[in-house]
2 protein chains.
Amino acid sequence: MHSGRVVSRSADSSNGHGTSRVPASAAGSDPSRRTSGTVDAVSLAIIEQLQEDGRRPYAAIGKAVGLSEAAVRQRVQKLLDQGVMQIVAVTDPLTVGFRRQAMLGINVDGDLEPVADALDAMKEVEYIVITAGSFDLMVEIVCEDDDHLLEVINKRVRTLPGVRSTESFVYLKLKKQTYMWGTR
Amino acid sequence: MHSGRVVSRSADSSNGHGTSRVPASAAGSDPSRRTSGTVDAVSLAIIEQLQEDGRRPYAAIGKAVGLSEAAVRQRVQKLLDQGVMQIVAVTDPLTVGFRRQAMLGINVDGDLEPVADALDAMKEVEYIVITAGSFDLMVEIVCEDDDHLLEVINKRVRTLPGVRSTESFVYLKLKKQTYMWGTR
DNA sequence: CGTCACATCTGCGGATTCCGTGACTCGGAA
DNA sequence: TTCCGAGTCACGGAATCCGCAGATGTGACG
């Protein structure tokens, strides 16, 4: 399986590093120095449990991390509300009908935002990152077939104002796919 | 957030459930099993439901897709067994302590497999794809800080036998992250 | 040093959900 | 026609979920 890159909710991740925000009053002082401070060891352990199985019962998780069922429930809810994690089904694009995928390296003239926003609006674009290096943007595209892929790249991406050039990397084989962060 | 590839996400929601399981080979990533073509429209609808909320009750899903609770239960179980999908927690690397990420384009001399396997063994490597284009492999790396990233790229990847050259694309900002296939 | 505010955890029922089981129906393939 | 996979319906006990008090702990403040 595989799939998109996970993430978090867009609202908070906008920039600066994102640590996700907490409600209003809670955080006492300044957030800048500890991105990791948001999640303590116990919550990390809970996340680990849910990375193994997103539907594991709260009681079982509690037993594993040393908390009561109710406490686990509260923490999970908070982690979800804060956007620290999400519990979802992930699929393998191939088995669901998307047989062509590609990574696109893009170079832009001027401001990247307009281009990034336009790409954001395309449903075939699964992933967008602004990078430092010989490409300004790297995007992952998931299509149904070659015609579809060609249309997206040639007709929709390369014609966007600001796009100077693109380079395609068609996926031949997905070798690894993980999604276990706090887990190590 | 972002990160691995996978999938789905949704607004918020939650719920739970779960089985647990362990080791490395969870359903999804390994075999060459091509269950292709095996997913009909109804199962797709079920997957869609679970992409919105991995813990949604079977009865609710049934109501949404027009099947009985029992039928949904059977299908979900089969989809999981077949490795068509997985229900897991996905997190935002940044909030869990990983502040440096990068995409690496790699060129190899000779057989790609040995190199891919070696990369596969590295825990910092989150994603590996064999591609057609000016790079033979593209891998996503998730690290704690710059030192960590440097060590991985310079000391561990570039020294692998067969690796001819690498090009790094350090992530400046994750702009989009999705994971909803059957969903469109 | 008390006290209030707030966050978190534990217990505890009641409502839901999960899940195996058995009976019957409905095409499609042999 | 018969066999078989897949669904539906119904059941009922076990397990899970979920809201709601107390109990506890800590930091801020007078």
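FYI, side chains are in, hydrogens and waters are out, and symmetry mates aren't considered; it's all heavy atoms of this structure. Please read these numbers as outputs of a predicted model, since none were measured by experiment. Each chain gets a letter, A, B and so on, in the order its sequence line appears, and its residues count up from 1.
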Colleague: Using whole Å, what does the distance between atom C1' of nucleotide D:dC17 and atom CZ of B:Arg56 come to?
Modeller: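 The answer, rounded to whole Å, is 16 Å.
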
Colleague: Indicate yes or no: at least one non-hydrogen side-chain atom of A:Leu160 is less than 4.5 angstrom from one of A:Met122.
Modeller: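 Result yes, sub-4.5 Å side-chain heavy-atom pair found.
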
Colleague: Sort out for me which residue in A:Lys175, A:Gln177, A:Lys176 forms a side-chain contact (heavy atoms from CB on, under 4.5 Å) with B:Tyr127.
Modeller: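 Checked A:Lys175, A:Gln177, A:Lys176 against B:Tyr127; only one passes side-chain contact (heavy atoms from CB on, under 4.5 Å): A:Gln177.
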
Colleague: Check the interface with nucleotides 5-12 of chain D: list each N/O to N/O pair with the protein under 3.5 Å, or write none.
Modeller:
unit_1 : atom_1 : unit_2  : atom_2 : d
D:dG7  : OP1    : B:Arg75 : NE     : 2.7
D:dG7  : OP1    : B:Arg75 : NH2    : 2.7
D:dG7  : OP2    : B:Gln74 : NE2    : 3.4
D:dT8  : OP2    : B:Ser68 : N      : 3.3
D:dT8  : OP2    : B:Ser68 : OG     : 2.9

Colleague: Got B:Thr91 and A:Gln51 here, is their nearest side-chain heavy-atom distance under 4.5 Å?
Modeller: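 When only atoms from C-beta onward are counted, A:Gln51 and B:Thr91 do touch, with a gap below 4.5 Å.
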
Colleague: Roughly how many Å is it from OH in B:Tyr58 to P in D:dA15, rounded to a whole number?
Modeller: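 The distance from OH of B:Tyr58 to P of D:dA15 comes to 17 Å, rounded to the nearest Å.
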
Colleague: Please round to the nearest 0.5 Å and tell me the distance separating atom CG of B:Leu119 and atom CG of B:Leu104.
Modeller: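 Those atoms lie 8.5 Å apart.
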
Colleague: Can you name the one residue among B:Arg100, B:Glu140, B:Arg99, B:Gln101 that meets side chain to side chain donor-acceptor pair (under 3.5 Å) with B:Tyr171?
Modeller: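 So, applying the side chain to side chain donor-acceptor pair (under 3.5 Å) to B:Tyr171 and each of B:Arg100, B:Glu140, B:Arg99, B:Gln101, only B:Glu140 qualifies.
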
Colleague: Can you name the nearest heavy-atom pair linking A:Arg75 to A:Ser43, along with the distance?
Modeller: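 Smallest heavy-atom distance, with atoms named: NH1-OG, 2.8 Å.
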
Colleague: Rounded to the nearest Å, what distance is computed from the CD atom of residue A:Gln77 to the C1' atom of nucleotide C:dA7?
Modeller: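 Going from CD in A:Gln77 over to C1' in C:dA7 covers 16 Å.
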
Colleague: Mind telling me whether A:Phe169 and A:Phe135 have parallel, tilted or perpendicular rings, with 30° and 60° as the class edges?
Modeller: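 Plane angle over 60°, so perpendicular.
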
Colleague: Using five pairs at each end of the helix from C:dC1-D:dG30 to C:dA30-D:dT1 to define an axis, what is the angle between those two axes, to 10°?
Modeller: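 Comparing the first five pairs with the last five, the axes sit 30° apart.
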
Colleague: Rounded to the nearest 0.5 Å, how far apart are OG1 of B:Thr178 and CG of A:Asp120?
Modeller: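 Taking OG1 in B:Thr178 and CG in A:Asp120, the distance rounds to 7.5 Å.
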
